[in-house]
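Heads up: the structure comes next, in structure tokens.
Atom set for the values below is all heavy atoms of this structure, side chains included, hydrogens, waters and symmetry mates excluded.
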Amino acid sequence: MVVQASHARRRLGAELRQLREKAGLTVDQVVQANEWSRTKLIRIEAAKVSLTRHDLLKLCNLYDATEAETRHVENWLEETNSFRWWQDYGHVMGAMLEEFVALESQASSILTAHSGLLPGLIQSRGYMDALFRSVPHVPDPDMADTLVELRLRRQKILDEDDVELTSVFSAALLYAEVGGRDVLREQIRHLLDLAERPNVDIRVIPFSAQRAVLTGGIVLFDFPDQADPSVVYLEYEAGMQAKDSQLDVRRFRRLLNHLRDATLSPEETKKMLATRLEDL
């Protein structure tokens with residue numbers, strides 16, 4: 001059965017590919033030895049299909065994996081089947097969002113840039129509530145409370161010291177009264193509170209910035225283990241798209257760094273937020 005790749009499945013696929021390359025075997029040699037289709041092995045290594053323990057041990061035996069290496073990949077296999085908190089929200093999440101949340105929960109560094117809406121990790125409750133009760137993309141208004149609850153649960157990663165968030169957004173978002181002026185005041189206070197956290201970097205792109213054009217949103221996930229490849233998500237109206245090729249990751253990292261370079265400094269951003277709050 002084709003499934004969305006979790007963080008653990010991505011790691012498992014990467015570890016198995018490294019063991020195959022270490023053994024000096026090609027994809028064709030492995031599939032011939034196991035009497036598999038070529039597609040099966042490619043999709044296992046690309047984290048596109050699930051894997052049984054029986055098949056895992058066949059690969060480890062073929063690769064002459066050591067006992068420690070075998071135990072290591074077995075642990076990753078167990079992780080692919082472990083329950084995760086976001087599975088409780090499966091009834092309101094599509095496969096793409098579930099994959100996004102799984103990667104977000106494992107990231108050590110998150111770099112975002114947005115122009116249309118503030119990203120979910122820095123939204124206040126009132127801002128979320130206004131969004132989910134007003135946008136046409138919520139399939140059932142009764143789901144709004146659950147979607148807010150899910151987003152608040154996602155924000156708990158910011159309570160962890162080993163997770164760093166850099167959030168870049170357009171100054172125009174400080175003037176968009178989503179949910180009304182009271183909600184905007186609450187949102188700006190929330191941003192000021194977040195900006196005091198040592199692991200959160202809030203940056204505003206001022207109106208005066210030149211060559212800092214962005215439409216939609218970009219989210220880049222980096223992970224604590226260098227063996228785990230970074231992933232980029234492009235967010236747009238009512239959807240998102242994952243990009244995980246090395247070329248795409250490099251390209252969007254350059255764009256994100258360019259946008260960050262165009263922002264106000266953290267202290268200047270705080271001053272702008274405080275001034276905007278006073279104006280409201």
Side-chain angles (χ1 to χ4, degrees), residues 89 92 97 100-101 104 110-159 165-210 212-219 233-240 256 259-260 262-280:
Y89 298 90
V92 296
L97 180 57
F100 180 90
V101 173
E104 180 183 74
I110 304 172
L111 177 56
T112 75
H114 289 78
S115 63
L117 292 170
L118 292 170
L121 289 181
I122 63 172
Q123 291 175 5
S124 68
R125 183 175 191 127
Y127 192 95
M128 298 178 205
D129 193 67
L131 282 178
F132 287 128
R133 295 189 187 283
S134 63
V135 298
H137 311 302
V138 178
D140 183 344
D142 293 334
M143 293 183 180
D145 288 341
T146 305
L147 289 167
V148 169
E149 182 182 311
L150 168 61
R151 188 157 291 181
L152 289 170
R153 179 63 182 80
R154 286 171 51 202
Q155 291 183 349
K156 290 183 180 296
I157 65 170
L158 300 182
D159 295 334
L165 169 68
T166 299
S167 185
V168 172
F169 56 86
S170 168
L173 297 181
L174 300 177
Y175 292 82
E177 296 184 9
V178 175
R181 185 157 292 197
D182 288 341
V183 171
L184 182 56
R185 289 193 192 98
E186 175 198 40
Q187 177 62 65
I188 294 177
R189 291 191 192 99
H190 184 60
L191 292 174
L192 284 166
D193 289 341
L194 286 175
E196 295 302 323
R197 296 194 183 195
N199 62 326
V200 178
D201 187 6
I202 303 292
R203 300 288 192 101
V204 171
I205 301 174
F207 291 118
S208 60
Q210 299 180 8
V213 179
L214 173 69
T215 58
I218 306 172
V219 181
Y233 277 83
L234 307 181
E235 297 181 321
Y236 50 89
E237 187 74 8
M240 63 176 68
L256 286 165
L259 292 170
R260 181 168 53 185
T263 65
L264 299 175
S265 70
E267 290 305 316
E268 290 171 333
T269 293
K270 291 178 190 177
K271 291 179 182 178
M272 183 177 187
L273 291 171
T275 299
R276 180 64 183 135
L277 185 59
E278 291 177 2
D279 292 342
L280 289 168

ask   = Looking at Ala262 and Pro206, what are the two nearest heavy atoms and their distance?
value = O-CD, 3.5 Å
ask   = Can you name the nearest heavy-atom pair linking Phe132 to Val148, along with the distance?
value = CD1-CG2, 3.6 Å
inquiry  = Rounded to the nearest 0.5 Å, what separates atom OG in Ser265 from atom NZ in Lys270?
reply    = 9.5 Å
request  = Without swapping roles, check the side chain of Ser115 against the backbone of Gly216 for a donor-acceptor pair under 3.5 Å.
outcome  = yes
ask   = Looking only at heavy atoms, which two atoms of Asp201 and Pro266 are closest? And how far apart?
value = OD1-CG, 3.6 Å
query = Rounded to the nearest 0.5 Å, how far apart are CD of Glu149 and CE of Met143?
reply = 13.5 Å
query = Less than 4.5 Å apart, any side-chain heavy atom of Leu121 and any of Leu194?
reply = no
query = Any donor-acceptor pair under 3.5 Å linking the side chain of Arg154 with the backbone of Gly120?
reply = no
Sequence neighbours left out, cut at 3.5 Å: what donor-acceptor pairs do the side chains of residues 122-129 make with other protein atoms?
unit_1 : atom_1 : unit_2 : atom_2 : d
Gln123 : OE1    : Arg151 : NH1    : 2.8
Gln123 : NE2    : Leu118 : O      : 2.7
Ser124 : OG     : Tyr127 : N      : 3.2
Ser124 : OG     : Glu186 : OE1    : 3.3
Ser124 : OG     : Gln187 : OE1    : 3.3
Tyr127 : OH     : Leu118 : N      : 3.3
Asp129 : OD1    : Arg133 : NE     : 2.9
Asp129 : OD2    : Arg133 : NE     : 3.2

request  = Working to the nearest 0.5 Å, report the span between CD1 of Ile188 and CG of Leu173.
outcome  = 10.5 Å
message = Between Leu174 and Phe169, is there a side-chain heavy-atom distance shorter than 4.5 Å?
response = yes
inquiry  = Do Val219 and Glu104 have side chains that approach each other closer than 4.5 Å (heavy atoms only, starting at C-beta)?
reply    = no
message = Checking Arg153 now: which residues fulfil salt bridge (charged side-chain N to carboxylate O under 4.0 Å, His left out) with it, not counting sequence neighbours?
response = none
inquiry  = Nearest 0.5 angstrom please: Tyr89 OH to Leu97 CG, how far?
reply    = 12.5 Å
query = Would you call the rings of Phe100 and Tyr233 parallel, tilted or perpendicular, where under 30° means parallel and over 60° means perpendicular?
reply = perpendicular
message = I'd like to check Arg203 versus Leu259 (side-chain heavy atoms, cut-off strictly below 4.5 Å). Are they in contact?
response = no
ask   = If we only count heavy atoms from C-beta on, is the Leu277 to Arg185 side-chain gap below 4.5 Å?
value = yes
ask   = Heavy atoms, side chains only, cut-off 4.5 Å: are Leu131 and Val178 in contact?
value = yes
query = Could you give the distance from NE2 (His114) to CD1 (Ile205), rounded to the nearest 0.5 Å?
reply = 11.5 Å
query = If every non-hydrogen atom of Thr269 is compared with every non-hydrogen atom of Val204, which pair is closest and at what distance?
reply = OG1-N, 3.3 Å
query = With a 4.5 Å limit on heavy-atom distance, are the side chains of Thr146 and Leu150 in contact?
reply = no
ask   = Hey, does Leu256 have a side-chain heavy atom less than 4.5 Å from the side chain of Val168?
value = no
message = Just verifying a value: how many Å separate Ser208 OG and Leu264 CG, rounded to the nearest 0.5 Å?
response = 7.0 Å
task = Begin from the C-alpha positions of Glu235 and Leu117 and carry the test side chain to side chain contact (heavy atoms under 4.5 Å, CB included) through to its verdict.
result = CA-CA 10 Å; Glu235 297 181 321; Leu117 292 170; over 6 Å; no
Ser167 side chain to Thr112 side chain, donor-acceptor N/O pair below 3.5 angstrom = yes
